[in-house]
Amino acid sequence: MTDITQDGSLVSIGELSRLTGVPVRTIRFYCDEMILESRRTSGGHRMFDPATAVDQLLLVRRLRALGLSLAPIMDVLAGTMSLAEAVAAERRTLDTELAALTWRRASLLAVEDASPAERAARLELLAAVQDRHSAHDSLVRFWRHMLTPIPLEMFDGFIAMNVPDLPDDPAPHQVVAYAELATLITDPALRAVISRQLWRSDQARIRHRQALLTGVARAYESASHLLLAHERPRPGPELDQFVDAHAAARGERDTPQFRRQLLVGAADTDYRIRRYWSLTGEFTGTPTVGAAADWLYEALKRSATPASALTS
């Protein structure tokens, strides 16, 4: 039996295998999966058009060598996806896998490098956080809940500045810090103290929550510039902007009594808040919202405290 049909236009599966170097059993598999088109002779043998089958089979082989699955390869052969689109999609998938692997490697090193006394606790911490993406997503969800009803564009800006992602190749200590951040936000006590820091006292009297968040955000931005300039906390236009936002949201005026009222039940010095923003600052490298809030809190204390008490 010849590998070429009588009109010489088709080749057998054996000849196609010799032309491409692809094993016969693999070609059969591709035919069964409808990846490669074949025709049947009256005797039931598969036959192929070499003008198209050779190029298609070589393309499949090369894409498989790069790790592409059969689904996108079929799309490329069908013309519903370009070759560039297929390899770009595979590269994005690989980027995600590599990010997961770098997290795992850094986590393993973090446990390995811990002292015997700390190793079990570190293992527990890192095991509680599945991967970098789930940790980042949990931080975003936390702040979406805390900052509602902040405008979307302002929320996105807050996340970009205060919920950093890990570096592409994180060091073990960075993975530990990020895992601790993701663990801290599961503590209801942290939610309570951050809520008090955001809304201050008399939350029930706040009439315009969105306007308050917008005004406070501007005050934080102003305070951040002073932090970068290493200015010590002090009364001034930045603090006035902060107090005005709180007063307007409650339908009140900025008075010495109102400023003292804002300090009632203040949670700014709570160790959980300090720890959260300290960890965040390790990644941002710039003043965080927490640092700006702390600056304004200290300025507010100075503003609400008689001068004699400050100098005595």
Looking at [atom1] of [X] and [atom2] of [Y], how far apart are the two atoms once the value is rounded to the nearest 0.5 Å?
X	Y	atom1	atom2	answer
Cys31	Arg40	SG	CZ	8.0 Å
Thr41	Leu10	OG1	CG	10.0 Å
Leu125	Glu118	CG	CD	11.5 Å
Gln210	Thr148	CD	OG1	10.5 Å
Tyr276	Thr288	OH	OG1	9.5 Å
Glu238	His225	CD	NE2	9.5 Å

Going hydrophobic residue to hydrophobic residue with side-chain gaps under 4.5 angstrom, can you get from [X] over to [Y]?
X	Y	value
Leu68	Leu98	no
Leu101	Leu126	no
Leu94	Leu70	no
Leu109	Val111	no
Met161	Leu147	no

Taking every non-hydrogen atom, the tightest pair across Ser224 and Pro287: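 Result for this residue pair: O-CG, 4.0 Å.
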Minimum heavy-atom distance Asp268-Ala293, with the two atoms named: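 Of all heavy-atom pairs spanning Asp268 and Ala293, the closest is OD2-O, 4.0 Å.
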With a 4.5 Å heavy-atom cut-off, do [X] and [Y] have their side chains touching?
X	Y	answer
Arg250	Phe258	yes
Leu226	Trp295	yes
Ile27	Ser17	yes
Arg272	Trp277	no
Val140	Phe155	yes
Arg260	Thr255	no
Leu181	Ile185	no
Ser12	Arg46	no

Can you tell me if [X] has over 12 outside heavy atoms packed within less than 6.0 Å of its [atom1]?
X	atom1	value
Glu180	CD	yes
Met81	CE	yes
Glu231	CD	yes
Asp168	CG	no
Glu282	CD	yes

Are the side chain of [X] and the backbone N or O of [Y] linked by a donor-acceptor pair below 3.5 Å?
X	Y	answer
Thr96	Arg92	yes
Thr80	Asp75	yes
Arg218	Gln241	no
Thr26	Val22	no
Arg234	Glu298	no
Thr186	Ala182	no
Arg132	Leu166	yes

Full working for side-chain contact (heavy atoms from CB on, under 4.5 Å) between Tyr30 and Arg61: CA-CA 11 Å; Tyr30 290 155; Arg61 183 180 189 180; 5.8 Å; no
Salt bridge check: are [X] and [Y] linked by an N-O gap of less than 4.0 Å?
X	Y	answer
Asp244	Arg253	no
Asp240	Arg259	yes
Glu112	Arg119	no
Arg274	Asp294	yes

Cation-pi, Trp199 ring and Arg209 (6.0 angstrom, 45 degrees):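 Pair Arg209/Trp199 counts as cation-pi.
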Test log, rule salt bridge (charged side-chain N to carboxylate O under 4.0 Å, His left out), inputs Asp95 and Arg91: CA-CA 6 Å; Asp95 286 344; Arg91 189 260 309 155; 3.1 Å; yes
Test side chain to side chain contact (heavy atoms under 4.5 Å, CB included) applied to Trp143 and Ile150, Asn162, Val163, the passing residue: Val163
Candidate pair Leu16 and Leu36, rule side-chain contact (heavy atoms from CB on, under 4.5 Å), full reasoning: CA-CA 12 Å; Leu16 184 60; Leu36 194 63; 4.1 Å; yes
Whether Phe242 and His246 hold their rings parallel, tilted or perpendicular, with breakpoints at 30° and 60°: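 Perpendicular: the ring planes of Phe242 and His246 meet at over 60°.
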Mutual orientation of the aromatic rings belonging to Tyr178 and His136 [parallel < 30°, tilted 30-60°, perpendicular > 60°]: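 Geometry flag for His136 against Tyr178: parallel rings.
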Donor on one side chain, acceptor on other, Arg141 and His145, under 3.5 Å: no
Chi angles and distances behind the side-chain contact (heavy atoms from CB on, under 4.5 Å) call for Phe142, Arg191: CA-CA 9 Å; Phe142 171 81; Arg191 292 175 180 264; 3.4 Å; yes
Step-by-step side-chain contact (heavy atoms from CB on, under 4.5 Å) determination, Ser69 to Glu90: CA-CA 9 Å; Ser69 63; Glu90 182 65 21; 5.6 Å; no
